[in-house]
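Whatever order the structure lists ligands and atoms in, that order sets their numbers, starting from 1. Residue numbers run from 1 in the order of the sequence given.
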Amino acid sequence: MRPPSTKPQNIKIKSELPLLALRGAVVFPRIAAPLFILDKASLKAVDAAMKGDRLVVCTTVNKEKSGPLTPADFYKVGVVAKIRDMVRQPDGKVRVLIEGIDRAKITGFVKADGYIRVKLAKFSKPKFEKNEKIEAQMYNLVSQFKECVNMGATVPFDVLLIVMNITDPWQLCDIITLNLEFKTAEKQAILEAESIEQKLDRAAISITRLIKVLRMSKKIQTETGKELGKMEREMFLREQLKTIQKELGMLDGKSDEDDMSEKIKKAKMSKGAEKQALKELARLEGMPSFSPEIAYIRTYLEWLSGLPWSIKTASKLNIKQAEKILNEDHYGLLKVKERILEYLAVQKLVGKIKGPILCFAGPPGTGKTSIGKSIARSLGRKFVRMSLGGVRDEAEIRGHRRTYVGALPGRIIQGINTAGTKNPVFMLDEIDKLSHDAMRGDPSSALLEALDPEQNNEFADHYLEVPFDLSDVMFITTANLLDTVPPALRDRMEVIEFPGYTEDEKFHIATGYLFPKQLKNHGLTEKNLGFDESGLREIIRSYTREAGVRNLERQIASVCRKIAKTVAENGVKNTVVKGEDAQKYLGPRKFTSTLKEETDEVGVATGLAWTEAGGEILLIEATRMIGKGKLILTGHLGKVMQESAQAAFSYARTKAGDYKTTMDFGKNDFHIHVPAGAIPKDGPSAGVAMASVLASLLVGKPLRKDVGMTGEITLHGKVMEIGGVKEKVLAAHRAGLKTIILPKNNEKDLVDIPEKIKKSIRFIFASTIDDVLKVALKK
Ligand code: ADP
């Protein structure tokens, strides 16, 4: 294209001219453009024009069509143009240079000798005044044009200069349109515009669309460019690595694939797995080195060949030895140890792990993990641990299929990989925190398949695609509470309970195990630091309130840290921590008042609860106000607990007469609250306590706070059996209660309670609420 001529052209346009058909191009007035003449009719038209005044009408064909053109195939607005130059090329094509003169409307077609002549009507550009809006539109158009150029639209430099300097908006639109890749229909529409406003609008629409296209194409380019760049870099580095390794004599000319094939051989996989691995390796070798799949296949092969298909630690199973190790590492836990030794003995006789999976159930810090480690030690096996807390996707247990981006094996196979042997002791923690999401498959059924000794010799991980034999793994699961463990899983497990420790047991664990361990951890010896009995007991009583010993261990560590600091600063010093020193090292006491010291109140009962953290004391409160006989319940109570409150309420209402009260149920509302309000609670065992607080309100007498109570109640006031007796009794003991009311049917559970505690607490076994109130209600 050429810059537009600035002189107005005073050529008189005849009313009939030869037609030059354009395909995919539009010519504009006052702009020169080179054209190729392709069809015979147009060639003849050019010849005819060349014989005369060299004028033609350039009109664009409005559809794609082969064969002779008819009048319907043309847009009805064209441009009268002068042929400035004509060159016949050696290949027979004709190139002409034409210069647009003015727009014209085609009003009729006349057949001539082998070409078309058309009748014309004048259609010059309208007159217009430039105003601010037009200026603004011009400004926008120019800046969008520049943006196009920046994004890679190819435009000759002189055109760029013209566009930036032009003052005529009409011509600006024409030049931009001619030089950018607008669609033919868009170009034609801009040519045909009736007014400057219309022309500017149409140009703006087209250029905005073009910018979108350019942006998108740029984005695609940079993305593929990045991908390619990364791959090329990787390839290059690999090659370099190979050369370096060769230079250093590390590789003796072997390729990555040779290496991999060796790894596969060494892994001694199962037959099926090896076949699969070799197949994938062959696929890898046949791939061009820039294929993005290479990385995926390599990772897969690394996983396959890295698994301990046939690596086992020689398992020694000597029951005497095992007993010794369990005792060495743990104080007490007699029942637990006994159960474990029985389990191991059966295994020794059978020769293989068969039968139920062990499940250690109990509050945190009661030694579950640490017993697991001891079992591994006594068997001479590796120990791995994997938490199932929050797992709700089957794929987390069983892996993602390889087609999934970023796929990896599931947690079971990952654990085996970490262990590096196929017969570790594998602890699956928090099996009670496994959740279930219907959308993502059921993780517990995948888990069952992994744990079940009958079928886990062919455990199918989605990522591996080939089965892995888990039958040598000794699985142990742990849970805080068994209620939430899916029933199908629970059925397959043999539960061993870790109920929590008494103060005495804690004291022995602290002296014999926790303290020596922490001394060592802090680089101290017994010369630097010691505890006397009062010191440890003070920490147990006033700085911890827990079923296990986790906090206790933390507090001891805390003292060790402080001593280590003074030892490091001032040299060896023999410190013995006594009860009265605890505050010096650990700050103010965390748990002070015991319940028995608090005053008794009307409508407050001491309930005993059983939570994940072991047993706990719950103060249950009730109050009444003027109302209409409603029951209000607060404190984040679960459904079962709410129903149990309803039962207690109904019982109290039916029995109101017996209590010689003048209170009218219909004219009062009752409110039961169980602190702490933010912690969710559930279960039926607070029924007795809730009935008692209501009764206490009715008769206006306080309940004794030093009497702990637990039990489910029926609508008729019978007291029913509950669970977690040992935990609850231990919690009551920690809180210093002197009397505990238990359901009559729980009397049998007292065998689990240490003698010392049994002696310090008075147990009352109740069959009805009246039995409870006789003891708990103050006279
Ligand atoms: P859990 O797995 O039940 O939460 P841990 O096994 O982590 O508890 O125990 C917490 C800490 O208490 C560990 O350092 C453990 O060695 C110690 N511990 C727990 N019970 C005993 C015990 N009976 N004898 C010795 N140490 C114990």
Does some non-hydrogen atom of Asp329 fall short of 4.0 Å from ligand 1?
yes
Within 45° of the ring axis of Phe383 and under 6.0 Å from its six-membered ring centre, is that where the NZ or CZ of Arg377 lies?
no
Test your reading of the structure: does Tyr513 have an N or O sitting under 3.5 Å from an N or O of ligand 1?
no
Please confirm whether Leu514 comes within less than 3.5 Å of ligand 1 when only nitrogen or oxygen atoms on both sides are compared.
no
Among Glu328, Arg550, Lys373, whose heavy atom sits nearest atom 7 (O) of ligand 1?
Arg550
For atom 18 (N) of ligand 1, which candidate among Ile371, Leu552, Val549 provides the closest heavy atom?
Val549
Using the test salt bridge (Lys or Arg N to Asp or Glu O under 4.0 Å), find all partners of Lys382 that sit at least two apart in sequence or belong to another chain.
none
How does [X] reach ligand 1, if at all, at less than 4.0 Å between non-hydrogen atoms: by side chain, backbone, both, or neither?
X: Thr369; result: both
X: Tyr501; result: side chain
X: Glu505; result: neither

Looking only at atom types and distance, does a side-chain atom of Lys337 sit under 3.5 Å from a main-chain N or O of Gly332, one as donor and one as acceptor?
yes
Determine the sole option in Thr478, Asn480, Thr369, Thr477 for which the side-chain hydrogen bond (donor to acceptor under 3.5 Å, both in side chains) test with Asp429 is passed.
Thr478
